[in-house]
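Here's the structure, in structure tokens; my notes come after.
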Amino acid sequence: GASVRPQVSRPHAAGGTFVVADTSSVQKLDPDVVTNFLDFQVLGQIYDQLVQYNSKLQIVPDLATSWKYSNANKVLTFQLRKGVRFDDGSTFTSANVVASLKRAVNPKTGDASASFLANVKKIVPEGPYAVKFLLSQPDTSVLNGLTSVNLSMLSMKAMANGTVGKKPDGTGPFVFAGWSPGNSFSMVRNTHYWGGKVTLPAVKIETIPTEQSIASALEANTVQLGLLTQPQVANHLPSSVKVRKILDLSYRALMLQDKTGPLANVNNRRAIACAVDRKQVLGDAVFGQGKVVGPVPLGPFASNPVSAICATPDLSKAKSYLQKAGDPGGFSFTAITSTDLDPSSAAQATVVQAQLARVGIKMNIQNLAGNAYIQDWLKGQFQAAFAYNGADPSPYTMYGRYFGKGANLGVPAGYSSASLQKLLLSGDTAASTANQAKIWTAFGNDLTSNAVWIWLFSAFDYYATAPGVRGFTPSPTNSTSLSALRSTTMG
Amino acid sequence: MGEVILRASQVTKEYRSRRGPLVRALRGVSIAVEAGRTLGIVGESGCGKSTLARLLVGLEPATSGTVELLGRPVAPPRGGRSPFARTVQLVFQDPFSSLDPRLTVVSALAEVLKVHGLATSREARRARAAALLEMVALGPRFLDRYPHELSGGQAQRVAIARALAVEPRLLVLDEPTSALDVSVRAEVMNLLVRLQDELGLSYVFISHDLAMVRHLSDEIAVMYLGAVVEQGPYGPVLESSLHPYTAALAAAVPVPDTTRHVHRDGRPPGSEAPPLTGEPPAGCPYHPRCALAEPVCTTVRPTLDELLPGHLAACHVAARRVAVAPGAPPVPG
Amino acid sequence: MADALLELRGVRIGMRERRRQREIVRGVDLAVAVGEKLGIVGESGSGKTLTALSVLGLLPSPPLRLLAGRITYDGRLLNELDDKALAAVRGAEIAMVYQDPMTSLNPLLRIRTQITETLRAHGADRAEAAERTRQVLGQVGLADPERVERAFPHELSGGMLQRVMIAMALAGSPRVLIADEPTTALDVTIQQQILELVEDLQVRTGMAVVWVTHDLGVVARLVDRVAVMYAGRVVEEAATADLFARPSHPYTAALLGSLPQTSTGHRDRLTQIGGTPPDPTRLAAGCPFRWRCPYAFDRCTEEEPPLLERGSSRAACWKEPAAWAR
Amino acid sequence: MSVLDTTAPAGAPPAAEVGEPVRRRSFGRALVATGRGRAGCILVGVVVVAAIAAALGGTPYNPQFQNPLAGLKAPSLAHPFGTDQFGRDLLSLVLQGLWVSLEIAALAVAIAGVVGTVGGIAAGFFGRWTSTVIMRVTDMLFAIPAILFALAIVAALGPGWLNSALAIGIGYVPIFVRVVRGPVLSLRESGYVRAGRVLGFSRWRLLARHILPNVAGAVAVQASLALSWSILAEASLSFLGLGPPPPTASLGEMVSQASSLAGTAWWTLAAPSVAIVVAVIGFNLLGDGLRDAVDPRARTR
Amino acid sequence: MLIALGRRLLSMLVTLFGVAVIIFLVLRMLPGNALTASLGVSTGLLSHAQLVALDHYYGVGQPVLSQFGSWLGSVLTGNLGVSLSSRTSVASLVGSALPVTLELAIGSMVIGVLIGVLFGVFGALRPGRVVDNLGQGVAVVGLGVPSFIIGTGLVTFLASTFHYFPSSQGFASLFRDPWLNLQQIFFPALTLGLGVAAALLRTTRAAMLEVIGLNYARTARGKGLARRQVVWKHLFLGALVPVLTMSGIQLGYLLGGTVVVEQIFVLPGLGRLLVTAINNRDFPVVQSVTLIFASGFVVVNMLTDVAYTLIDPRTRS
Ligand SMILES: Nc1ncnc2c1ncn2[C@@H]1O[C@H](COP(=O)(O)OP(=O)(O)OP(=O)(O)O)[C@@H](O)[C@H]1O
Ligand SMILES: Nc1ncnc2c1ncn2[C@@H]1O[C@H](COP(=O)(O)OP(=O)(O)OP(=O)(O)O)[C@@H](O)[C@H]1O
Ligand SMILES: [Mg+2]
Ligand SMILES: [Mg+2]
């Protein structure tokens, strides 16, 4: 019914602003402290890091043009890009690298990714366009860490004036233009971007709280790009709206605490692992729009097994594990969910509950408000938790914090063992990629055969573009997912 | 003279509200009721009759002065139940509002009996309730009715029966017939006469219907602006009034008899009484409306004096005329 | 009767329920001539107010309505006038004083507003209306008309409001005044003053008066002719003096006897009528008074008596007064 | 011999006896006398019976039974309301959700009703001080939009039907206080309470036997209306993600879960929505009917 | 009159203080703190030193009483504090959200009052007739259908059928683009206004029916006044007090309702600010927004009180 369309002034007609809609809003401007996905995505367009992932999740140059390990992998040297200017006009040099990362590890900053630099002893400038990282032990995953927006390169002026959290000032394709907390965030193109001409003159991130409404906005053509997660919404858009999907850089798992109760018994955990039909969970929770995954869902090492004991559901095996555990009739436990944090967690729990019931395991569900969930989760005060955890191409980056030695998140992780710790360390320090792959496969086997957690699936994210939008392809990681914006055009 | 059941001496009552002026509802009222007799109280609307009634039964405390029941001072109950309930009872003007709409006749009566321990078993209470109804000329078939199923006269009789349940010595009747239809007033009046004869009750009968007051009372007190202005046996008070206000009141009553109707011209129009707020007018409170007012009336407040044997009045003019010509009607009319 | 100014013929008031009709007023005939004062008496609920209200089409509808009958005023059939024409009669030709002055005045508007709007509605200009308002307020004997004018109803006493109501009714110089128990709640002294006022005005202007009351004393004092209503009908109609001297209906007689009079002795038994009037909407055949009538006989249970000539008066009773006179 | 009988002619038929009770209309009949009352009774009756039946297991299917092959099936004879994404029968789920919603609403109203009635009576019957304090607190509670209260409480205590009920209940306390206090104030000065005082009844007797029963009607009316608001409030809370968790979800939770399916499977949204609307309107109409029925004016008419 | 007004103001302030205390206490009951709210599970990644530094930064762990004191003190001086999650001043957040909610509330009120009063009045004049039944229908929908269902339905319907969703292109202020602004406000205001209309309609109708039965209404007709005058000057004026009271109460619900409706219609108002702030444990924002809602409600109720005295002279003395 185009004929009945009321006359509404369309933003792209006037001013040429490209509107991106998301259910959440940009919450903070300081790239070091952001944790929100959208914050990563948006600030990733303003700030650059030393290195970044490409669409195959390989590490490629960003502000560093090349890097090299030396001294038995204990020194890492970066060559820096020349002629890069911050939005405030200052030039990017090695001093920025040193100061930015110093700021990141300062406790007062509260940088959520500071732990990625745990093995970095010192950063030494080597002239204006090179820096040397001195490591306390061989660490290959430091490169993965450096892709994080939390470890962005900041302007000296902004750091000195304390304006980092107030006015973003980076080297990326877009320049901060304005922010209305909770509502919108605007950027304009960076005319002297080092990576070439930026096509879109201005981009605005609008917060539209429900995906249904984003769909409506796409239909009304008042939004050019909608960031969606719900397949039931994304797959029901009119055909004029183009939807591209990409596997989310995170995974769903049922985390188990092994300290007390029936879940302390490994065979009970294995029974759960065999009773759960991940495919059905994926089907019912996100309408099959995703992929059943094991501990390493993506990246170069993603080949490792979904499960070492039951790749597909096997009820008789589950029953025999129960027999072995001495609980032939099953047992009961409680799982926490938070629909605040993961809307689909309720559905996951509902399916899993029904599946476990088939072997006599009774799972109670307790849905918690987001904050209460986080608190209980951090303290390990749960028997089982449906979790929505961030993934990373590097298994070490992903699991070091859970299963490493003295890991920050060891408490919520529950299970810990010396063999896991050893595998993690050797995976990180291993020199060759082939070696690494072998180690990470063993690591995955260890995790799944002990049924430490039950890994479920990774889901798709949807990037829906209005008619006339061309040249937009999403990238898989948070900081780069919108990087195609710089070469996007709209009709 | 019989035993004095109730005596109020120099009772005053003031109402203080948070906003609005002080209301002096009663200004030094003294009355006494003897056993087996009826004191009628008349006066125009707002002169304090109901206030007096509430004070007499201890619903409210007097601001000053005392009310004594059988020689014991009456005070409102604090929290618990009134110790005077068994001696004095009040019958209200509106019978329907004085009955709980949710209680049948028998439960309303039984509750009283139960509270005062007058009948211990259910059956005994029902039997006694039936007897009480019989006493007010209602059959036992009314036991299970709700108030809204009664006529006004029947409801008023139930209210009287409830008051009688505690076997009081004195009934204070606050306009018990004015809410009733003309045709049923007679029922209640006849009942009151009969009960008094049979049970030896004393009454304080409050009404602004002079005919009714006259019919039932032995003594009549006439109130004006919170004070008694004339008091005495019913005949003399109404027929040879000492106080001009009483005379005006008596004359204003239309008589249902065309042959007896007389136009009393020259009487001052019944302009309204001043409100009970603030200071009373100086001198006689009635002087602004009084056709006979003299200079002294505007300055000196007359006292209630026994001008003729047993007949009291608070009027300068009457006092003088009686002194000059005892026996002659002091007020023409 | 030929020169009746206002005439009600066969007025029936009630509600229509599904297919049945419930009548409360069951056929009332009344007439009042120029300069005449008609009294209507009767027990509470006998239909006096409804009859009075029906004249100006003010019945509480729903549920009540005029089911049948003709109401003629000055040759015009009031009950068939349209809204506009009726509005022209209301307040200007026929004015009404309502039963309860406290609630019949709008508590939110000043007295002045309420009187002037009546006059303005009937064509007076602002100045005229103000002038006339002051005048009538003075006429009804209010001591301080200026203050009353400015006052809100709650600031006035019942007696004053009653006079205001009367002033409001009189303001339009109506030819018929219908007053519905205007003095019931008032003190006798004020009642007397109002009676005198009405009498005085009536004599001066020749206005016809219909005075509804249940106080036989007021009737005796004021009106020329009386209609006694019982259970929705007129059961007796007579000149005032005749009614008091020779009541032609046992109900009238009982009413008279139930009042303590100067002739009644102190504490003597008063005549009781006993019981209460029946619900006019649920009557069996026969005379509705028969349950309370000491003289009832067979015929009374069979047939309701029509209004029969009984000497100078008319009464709805099968028996001649001679047969039961006291 | 009674005085009355002396004037009545012998043999007067008692049926027509004057003062024969105005036909006593039972409370129930008064309730269904008006169209609204009747509609309210029917709707509430259906809703409550269905909910209780569901609670006792009387649903067409086991509401929690998942059939992976029959997910998101449109309404059919076998599944009149269709199925949800897990292949569960929506009719059964809605009935179960109805029970959960009613449970929450009823508890909320019970909390509000009891606390509010006690507060209202205390404010109306006892001294000035008690009254002032209670009314002040009521004003304060009243000033904070109820839904905000609910939000805060649920956020604090976590979602769950008990907390939802508590949250909604607290929000409605002030309304009950107000509804009760007015009548108590006038009842305190009413003829029959005064009569009771003269008759020597204690304060507590007056309160318990004469005042409380007479405000019960007003409380019942309010309770019915509050039930309908509570169902709505619960639904709004759930819509904001603060309702009780699945699998035994309330209607509001079902709506909020299904709202993203509006385009795909409209019936998943329609079924619980219709149930909410029916329950809300039912209780609302019932409240109207009750209001008329407890009004003596309406009862004698 | 002035004294009475002063007294009312005073009691209003007392109420508001109490409201502030209640809000503060309720917020203290919330689990979690700004830290877990802003960093989520990543909180666990922080070192102890970082935790301590950030706790200090967010003001966690100060004594409750001093927190309350400093909050109230700064509120009174017009300083609403700093949002914990965005580190911007609460005053500026509120400053941009308040006009939106105000406009929405006023719009809903206008729609609600227009529909409610007109249908209420004319329905009561002829009960059971077409207008009345139509009004009752509106009332049933307004009362029975939750605003989120109406809202979601409206948005989905308009967008899928007409490709019309004016709110999604960013909020336009009334002064910058009045036409777009009106389009953006109209549908949410209609959604909320329907609920208000239902309540007002029923109140108006009941009050009108009550007044129509009163004696003074009969007097007005008996005077021969024109129908219009009887209806508005006498009947409606008499019914106005309960209608005003209900409007005051409805405003409370309406303010609560903005939370849901702003969410659906993408309006950057106080309601949405509040929901986000609650989720983020952003105490300064929650406190201030709730206090603003409560103040608005209390002030409006005071204004209705004052209106009573203007309408009804009996309440003046
Ligand atoms: N509780 C009260 N507070 C303030 N004033 C009161 C109170 N009770 C009575 N009054 C005032 O006291 C005066 C006397 O009232 P009361 O009811 O005793 O008069 P009354 O003679 O019984 O009148 P009526 O004949 O109308 O019943 C009136 O002016 C009344 O307004
Ligand atoms: N709005 C109404 N709806 C139904 N019945 C009514 C209505 N108004 C009056 N009635 C009934 O009509 C009957 C007659 O009423 P009406 O007011 O005419 O009596 P009345 O003779 O004026 O009595 P009173 O002396 O008490 O004023 C009464 O039984 C009353 O219950
Ligand atoms: Mg009195
Ligand atoms: Mg009448």
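Computation of the quantities below employed the complete heavy-atom set of this structure, encompassing side-chain atoms and omitting hydrogens, waters and symmetry-equivalent molecules. These figures come from a predicted structure and were not determined experimentally. Below, read A as the first sequence line, B as the second, and so on, with proteins coming before strands; counting in each chain starts at 1.
- With rounding to the nearest 0.5 angstrom, the NE2 atom of C/H122 is 9.0 Å from the CD atom of C/E93.
- Counting only heavy atoms from C-beta outward, the side chains of C/V41 and C/V212 never approach each other to under 4.5 Å.
- No other option in C/A169, C/A87, C/S104, C/A171 has as many heavy-atom pairs under 4.5 Å with chain E as C/S104.
- Taking the six-membered ring where tryptophan is involved, the planes of E/Y216 and E/H234 are tilted, since the angle between them lies from 30° to 60°.
- Only the side chain of C/M168 has a heavy atom closer than 4.5 Å to any heavy atom of chain E.
- Looking at every heavy atom in both residues, C/L137 comes nearest to C/A167 through CD2-CB, 4.0 Å.
- For the set E/I311, E/V211, E/I212, E/L240, the count of heavy-atom pairs under 4.5 angstrom toward chain C peaks at E/I311.
- Only the backbone of C/L59 comes within contact range of chain E, with at least one heavy atom under 4.5 Å from a heavy atom of that chain.
- Under 4.0 Å is where a charged nitrogen must lie from a carboxylate oxygen, and between C/D180 and C/K48 no such pair does.
- Paired with C/V210 under the rule side-chain contact (heavy atoms from CB on, under 4.5 Å), one option of C/I94, C/L30, C/T51, C/I40 passes, and it is C/I40.
- Rounded to the nearest 0.5 angstrom, E/E103 CD and E/I185 CD1 are separated by 4.0 Å.
- Ranked by heavy-atom pairs under 4.5 Å with chain E, the first of C/V89, C/L86, C/L105, C/D83 is C/L105.
- Side-chain atoms of C/I71 and C/L66, non-hydrogen and from C-beta on, do get closer than 4.5 Å to each other.
- Using a cut-off of 4.0 Å between Lys/Arg side-chain N and Asp/Glu carboxylate O, E/D312 and E/R314 are scored as salt-bridged.
- Of the atoms belonging to E/L214, not a single heavy atom falls under 4.5 Å from chain C.
- Interface residues of residues 112-119 of chain C toward chain E, defined by a heavy-atom distance below 4.5 Å and sorted by number: C/T113, C/Q114, C/E117, C/T118.
- For the set C/A121, C/A92, C/P107, C/G91, the entry with the most heavy-atom pairs within less than 4.5 Å of chain E is C/P107.
- Taking chain E as the reference chain and counting heavy-atom pairs below 4.5 Å, the highest number among C/L56, C/D100, C/L58 is found for C/L58.
- Atoms CZ and CZ, on C/R150 and C/R147 in that order, are 9.0 Å from each other to the nearest 0.5 Å.
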